[in-house]
Engineer: 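Submitted below is the structure of interest, expressed as structure tokens.
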Amino acid sequence: MEKNLAGKGLGIELDELIQDMAPDGEISYLVARLDDEKDMAEIAGRGITMVHASASMIKVLIMAALFKKVADGDLALDMTMSLKESPRVLGGGALQELDLNHRFSYLELCRLMMVLSDNWATNLLIKKLGMATVNEFAESIGLQATRLKRYMMDSKARAEGRENVMTVLDLMTLYEYIYVQRESEPLGHEMWQLLGRQQFRDKLPFYWGEDVVFHHKTGVLDDVEHDGGLLPLVKGTFGIIVFISKVPNTEGILLGARMGRCIKEFLENKLP
């Protein structure tokens, strides 16, 4: 990926912030400019190929794999699944409040997965697609280290060392895949809109104000706080991804929010 030398100052600011707030954490970030006419350009990055537990960031991949199967004619978004087809799981989302008799379309499940980070909806889609299909799709678009290895909330799998993993570079590649389809393809537009309706804004966009649209996804595990997405600004559209691992959650949320403030201020006021 081409590097924008004007972003050097941003890297210095972010690294100082990390050193001050989480010197012992494993922190990766990538800020890049996306352009319909040019290749993506890195503005600032750190640990961009470091492998992290993905938490709910893997749901972006599941969404994209689902829509690819629909585009290929193998599935239809109005096909439905019963909640009975996968065990009830807790954590994020709304489906856990419902009884087992409900049915939802694949599109409805995808919307719940992305907007509310619903874990049960996610598991239903994983079961329908199959982990192998999701991972094959990841490889087909050039994701080097991202792998789906377990269902959401599967503590047994985690204890056995089976973890969903991702890098910030892989996620940026996935976001670029979605970005270039946002206006040219109906399914690409749907993915773009789903990312823009994300309900959780406690990290990167926390200081930006509710009126700023950020097409993103968040992810949380114990001592893991991730956030990343695409931010349209007057100067262009920018990918902003931060993975924070091995940092207590309260501190990770605060670090993510301060990094978000720093990044947006730099992009708007200091980047040529």
Side-chain angles (χ1 to χ4, degrees), residues 53-71 74-98 100 102-135 137-138 141 143 146-154 157-158 163-166 170-171 174-175 177-178 181-182 186-203 214-221 224-230 241:
S54 68
S56 286
M57 311 308 281
I58 201 74
K59 295 172 182 176
V60 183
L61 176 64
I62 296 167
M63 172 182 70
L66 170 67
F67 279 59
K68 181 62 167 64
K69 295 292 283 185
V70 173
D74 298 324
L75 296 173
L77 288 175
D78 59 359
M79 291 178 175
T80 64
M81 292 185 73
S82 166
L83 294 183
K84 297 176 182 178
E85 295 182 50
S86 183
R88 184 189 303 268
V89 292
L90 302 179
L95 291 186
Q96 60 186 294
E97 304 299 331
L98 304 180
L100 294 175
H102 287 80
R103 297 187 66 88
F104 291 87
S105 71
Y106 297 156
L107 179 58
E108 290 169 332
L109 292 172
C110 188
R111 287 171 172 171
L112 288 165
M113 175 179 71
M114 295 305 299
V115 177
L116 298 179
S117 206
D118 194 293
N119 288 320
W120 197 357
T122 304
N123 285 353
L124 284 160
L125 291 175
I126 292 173
K127 182 169 184 180
K128 182 61 187 179
L129 292 169
M131 292 188 191
T133 295
V134 175
N135 289 327
F137 169 75
I141 63 170
L143 308 192
T146 298
R147 295 294 181 271
L148 175 65
K149 299 181 181 180
R150 66 169 178 83
Y151 286 93
M152 302 298 108
M153 306 302 290
D154 189 344
R158 292 195 72 199
E163 183 57 278
N164 301 326
V165 293
M166 182 176 271
D170 276 356
L171 182 56
L174 177 56
Y175 277 141
Y177 168 86
I178 295 170
Q181 301 180 60
R182 73 195 186 286
L187 296 178
H189 181 72
E190 177 69 25
M191 288 190 285
W192 176 252
Q193 292 298 316
L194 283 177
L195 288 166
R197 299 204 295 273
Q198 166 67 239
Q199 296 294 299
F200 303 107
R201 296 177 63 91
D202 58 343
K203 291 188 278 287
F214 187 36
H215 300 259
H216 71 128
K217 185 75 186 75
T218 61
V220 179
L221 292 169
V224 170
E225 291 288 346
H226 301 335
D227 197 354
L230 301 173
I241 301 171

Engineer: For the residue pair Cys110 and Phe67, establish whether any side-chain heavy-atom pair is separated by less than 4.5 Å.
Structural biologist: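 Result yes, sub-4.5 Å side-chain heavy-atom pair found.
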Engineer: So, Trp120 side chain and Pro87 main chain: donor-acceptor pair closer than 3.5 Å or not?
Structural biologist: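 Yes, because the side chain of Trp120 sits within donor-acceptor range (under 3.5 Å) of the backbone of Pro87.
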Engineer: Do Val70 and Tyr106 make a side-chain contact, defined as non-hydrogen atoms from C-beta onward lying under 4.5 Å apart?
Structural biologist: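 They are not in contact (no side-chain heavy atoms under 4.5 Å apart), so the answer is no.
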Engineer: Output yes when a side-chain donor or acceptor of Gln96 lies under 3.5 Å from a complementary backbone atom of Arg88, and no otherwise.
Structural biologist: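 Not a single qualifying donor-acceptor pair exists.
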Engineer: Taking all non-hydrogen atoms of both residues into account, name the closest pair between Thr218 and Lys203 and its distance.
Structural biologist: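 That would be CB-NZ, 4.1 Å.
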Engineer: Atom NE2 in His216, atom CE in Met114: separation rounded to 0.5 Å?
Structural biologist: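 His216 NE2 to Met114 CE: 9.5 Å, rounded to 0.5 Å.
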Engineer: Nearest heavy-atom pair of Ala53 and Val224: which atoms, and what distance?
Structural biologist: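 Distance-wise, the nearest heavy atoms are O-CG1, 4.4 Å.
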Engineer: Between Tyr151 and Val89, does a side chain to side chain contact (heavy atoms under 4.5 Å, CB included) hold up when you go through it step by step?
Structural biologist: CA-CA 10 Å; Tyr151 286 93; Val89 292; over 6 Å; no
Engineer: Quick one: CD on Gln193 to NE2 on His189, what's the gap to the nearest 0.5 Å?
Structural biologist: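 With rounding to 0.5 Å, CD (Gln193) is 4.0 Å from NE2 (His189).
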Engineer: Looking only at non-hydrogen atoms, find the nearest pair between Ser82 and Leu100 and report the distance.
Structural biologist: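 Taking Ser82 first and Leu100 second, the nearest heavy atoms are OG-O, 3.7 Å.
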Engineer: Are Met63 and Ile178 packed together at the side-chain level, in the sense that at least one heavy-atom pair is separated by less than 4.5 angstrom?
Structural biologist: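 Counting from C-beta outward, Met63 and Ile178 do come under 4.5 Å.
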Engineer: Could you give me the CA-CA distance, side-chain angles and deciding distance for Asp170 and Leu61, then say whether side chain to side chain contact (heavy atoms under 4.5 Å, CB included) is met?
Structural biologist: CA-CA 10 Å; Asp170 276 356; Leu61 176 64; over 6 Å; no
Engineer: Rounded to the nearest 0.5 Å, what's the gap from OG1 on Thr80 to CZ on Arg103? Could you check?
Structural biologist: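 Between Thr80 OG1 and Arg103 CZ, I get 3.5 Å after rounding to 0.5 Å.
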Engineer: To the nearest 0.5 Å, what is the distance between NZ on Lys149 and CZ on Arg158?
Structural biologist: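 Here the rounded value is 12.5 Å.
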Engineer: A side-chain contact here means heavy atoms from C-beta on lying under 4.5 Å apart; do Met81 and Phe104 qualify?
Structural biologist: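 Result no, sub-4.5 Å side-chain heavy-atom pair not found.
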Engineer: Any side-chain heavy-atom pair from Leu107 and Arg111 closer than 4.5 angstrom?
Structural biologist: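 Yes, side chains in contact.
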Engineer: If we ignore hydrogens and angles and just use 3.5 Å, is the side chain of Asn164 paired with the main-chain N or O of Ile58 as donor and acceptor?
Structural biologist: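 Such a contact is absent between Asn164 side chain and Ile58 backbone.
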Engineer: Report yes if the side chains of Val220 and Glu225 come closer than 4.5 Å at any heavy-atom pair, otherwise no.
Structural biologist: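 A side-chain contact under 4.5 Å exists here.
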Engineer: When you measure from the side chain of Lys59 to the backbone of Ser117, do you find a donor-acceptor pair of N or O atoms at a distance under 3.5 Å?
Structural biologist: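 Pair found, side chain donor or acceptor close to backbone of Ser117.
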Engineer: Work out which heavy atom in Ser54 is nearest to a heavy atom in His226; give both atom names and the distance.
Structural biologist: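 Residues Ser54 and His226, closest heavy atoms: O-CD2, 3.5 Å.
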Engineer: Which pair of non-hydrogen atoms, one from Phe200 and one from Val115, has the smallest distance, and what is that distance?
Structural biologist: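 Closest approach of Phe200 to Val115: CE1-O, 4.3 Å.
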Engineer: Is a side-chain N or O of Ser105 found less than 3.5 angstrom from the main chain of Glu108, in a donor-acceptor match?
Structural biologist: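 Checking the backbone N and O of Glu108 against the side chain of Ser105, a donor-acceptor pair under 3.5 Å is found.
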Engineer: Is any side-chain heavy atom of Leu98 less than 4.5 Å from a side-chain heavy atom of Leu83?
Structural biologist: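 Sidechains of Leu83 and Leu98: in contact.
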Engineer: Taking only distance into account, with no hydrogens and no angle test, what donor-acceptor pairs under 3.5 Å do side-chain atoms of residues 123-131 form with protein atoms, sequence neighbours excluded?
Structural biologist:
| unit_1 | atom_1 | unit_2 | atom_2 | d |
| --- | --- | --- | --- | --- |
| Asn123 | OD1 | Met152 | N | 2.8 |
| Asn123 | ND2 | Met152 | O | 3.2 |
| Lys127 | NZ | Glu85 | O | 2.5 |

Engineer: Side chains of Gln198 and Phe214, heavy atoms from C-beta outward: is any pair under 4.5 Å?
Structural biologist: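 Gln198 does not reach Phe214 side chain to side chain.
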Engineer: Which heavy-atom pair separates Asn135 from Leu148 by the least distance, and what is that distance?
Structural biologist: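 Between these two residues, the closest heavy atoms are OD1-N, 2.7 Å.
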Engineer: With rounding to the nearest 0.5 angstrom, report the CG to OG1 distance, Asp118 to Thr122.
Structural biologist: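 If I round to the nearest 0.5 Å, the distance is 6.5 Å.
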Engineer: When you measure from the side chain of Gln181 to the backbone N and O of Tyr177, does any donor-acceptor pair fall under 3.5 Å?
Structural biologist: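 Flag set: sc Gln181 to bb Tyr177 pair under 3.5 Å.
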Engineer: Taking the basic N atoms (NZ, or NE/NH1/NH2) and the acidic carboxylate oxygens, is any pair closer than 4.0 Å for Glu163 and Arg150?
Structural biologist: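 Arg150 and Glu163: salt-bridged.
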Engineer: For side chain to side chain contact (heavy atoms under 4.5 Å, CB included), just list the numbers for Leu95 and Leu109, CA-CA rounded to whole Å, side-chain angles, deciding distance to a tenth of an Å, and then say yes or no.
Structural biologist: CA-CA 9 Å; Leu95 291 186; Leu109 292 172; 4.0 Å; yes
Engineer: Measuring from atom OG1 of Thr146 to atom CZ of Phe137, what distance do you get when rounded to the nearest 0.5 angstrom?
Structural biologist: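 Reported value, rounded in 0.5 Å steps: 11.0 Å.
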